[in-house]
Protein chains: 2
Amino acid sequence: MSNTLDKIDTQILDILQTDSNRTTKSIATELGMTTSPIFERIKKLEKEGYIKKYVAVLDNKKIGLKLTVFIGITLQGHTRSYLEKFVKEINNFPEVVECHRVSGNFDYLLKLVVEDIEAYETFIITKLTLLPYLGNVQSLIALSTSKETNKIDLSAVL
Amino acid sequence: MSNTLDKIDTQILDILQTDSNRTTKSIATELGMTTSPIFERIKKLEKEGYIKKYVAVLDNKKIGLKLTVFIGITLQGHTRSYLEKFVKEINNFPEVVECHRVSGNFDYLLKLVVEDIEAYETFIITKLTLLPYLGNVQSLIALSTSKETNKIDLSAVL
DNA sequence: GTTGAAAACGCGCCAGA
DNA sequence: TCTGGCGCGTTTTCAAC
């Protein structure tokens, strides 16, 4: 069980993060191998956690969630126990799809996907601003999105 | 072909955006139905574009891409043709996983996934700052990420 | 919508190299 | 570790209700 990925592994990962419904056979053909080793490698990649899960990617806008917003937050109190509580609360909001602790001009950066401006305001008023020790809050509303993927660049790690 | 989604559709979408390897049978059982209608609905959701694709979600850090960075960018020139060229260039960088045109203190917000601080600096120096008309550039480096998903909140659109 | 069943497909196993 | 092939299970399709 080597701890590192070879070229074939990264090629498999690259294919699966583009389309996880590809059959082992079609992957095998593309990589010039047979199904068995490809199958074994995929299972290994899953078992060792390189592949976390398989998901369907939905069309947010078509479904009715038309607005993406990023919110930069500065906190006034920084006690450890409070930070944990703050993060826990934030993570429980279903509108919040990402929560990062960041360095720079903010303490936290959130990414939200909501229906519209109203839903965004509702979130701010009924959820976010109820949290204590909130300092500066700055929103960046996505007017348009030219790229949005979670396909990461595996060529960098080859 | 109704233009809107009913409760069963959203339940199916919710299941699939959590785990796309669920069989139609297990979904049918969970929702108290038989496989056939579930199968038909899934195909319809795919065909009509509610489901865009199926992908494997990888463990960035385990694979060696340990750093997530958000970059806010202000441009100095705003001619339409330049904006299009700028976006096109940005979208071609494999490190960039998201590019949003935003309102607020920046014109664009990028999300990058790279190996480490060095790779980030390399990106800034050899790619980003070569683009003309670049104004203010501000980076937010993710120190830790407590939530990162693209599972959107379907309860809002029910 | 449901049921049931048949066909096609891909998975997973195994022996062999 | 890869090859190739076979059997099992599932998916998918297609009847009829």
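By convention in this document, chain letters (A, B, ...) are assigned in the order of the sequence lines, proteins followed by strands, and residues within each chain are numbered from 1.
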key: Under 4.0 angstrom between A/R41 side-chain N/O and D/dC2 OP1 or OP2   = yes
inquiry  = Quick check on the helix from C/dG1-D/dC17 to C/dA17-D/dT1: what's the angle between its two end axes, five base pairs per end, to the nearest 10°?
reply    = 20°
Residues that [X] engages under side chain to side chain donor-acceptor pair (under 3.5 Å), provided they are two or more places apart:
{"X": "B/S155", "value": "B/D153"}
{"X": "B/R22", "value": "B/S26, B/E30"}
{"X": "A/Q17", "value": "A/D14"}
{"X": "A/D6", "value": "A/R41"}

Below 3.5 Å is the cut-off: list the nitrogen or oxygen pairs between protein and nucleotides 3-13 of chain D, distance only.
unit_1: D/dT3; atom_1: OP2; unit_2: A/T34; atom_2: N; d: 2.8
unit_1: D/dT3; atom_1: OP2; unit_2: A/T34; atom_2: OG1; d: 2.4
unit_1: D/dT3; atom_1: O5'; unit_2: A/T34; atom_2: OG1; d: 3.3
unit_1: D/dG4; atom_1: O6; unit_2: A/S36; atom_2: OG; d: 2.8
unit_1: D/dT11; atom_1: OP1; unit_2: B/T23; atom_2: OG1; d: 3.2

Identify each donor-acceptor pair in which a side-chain atom of residues 133-141 of chain A lies under 3.5 Å from a protein atom, sequence neighbours left out, and give them as a table.
unit_1: A/Q138; atom_1: OE1; unit_2: B/N105; atom_2: ND2; d: 3.1
unit_1: A/S139; atom_1: OG; unit_2: A/Y120; atom_2: OH; d: 2.3

query = What is the distance from CD1 of A/I42 to C1' of D/dT1, rounded to the nearest Å?
reply = 16 Å
With A/E46 via salt bridge (Lys or Arg N to Asp or Glu O under 4.0 Å) - residues at least two apart = A/K43
Test salt bridge (Lys or Arg N to Asp or Glu O under 4.0 Å) applied to A/E148 - qualifying residues, sequence neighbours left out = A/K111
message = What I want to find out is whether B/K44 reaches B/E40 closely enough, with some N-O distance under 4.0 Å, to be called a salt bridge.
response = no
Residues in ring-ring contact (aromatic ring centres under 6.0 Å, His included) contact with B/F123, at least two apart in sequence or another chain = B/F93
key: Sequence neighbours excluded, every pair satisfying salt bridge (Lys or Arg N to Asp or Glu O under 4.0 Å) that has a member inside residues 113-128 of chain A   =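 Every pair satisfying salt bridge (Lys or Arg N to Asp or Glu O under 4.0 Å) with a residue in residues 113-128 of chain A: A/E95-A/K127.
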task = Could you list where the contact with chain A starts and ends along DNA chain C, reading 5' to 3', using a 4.0 Å heavy-atom cut-off?
result = C/dG10 to C/dC13
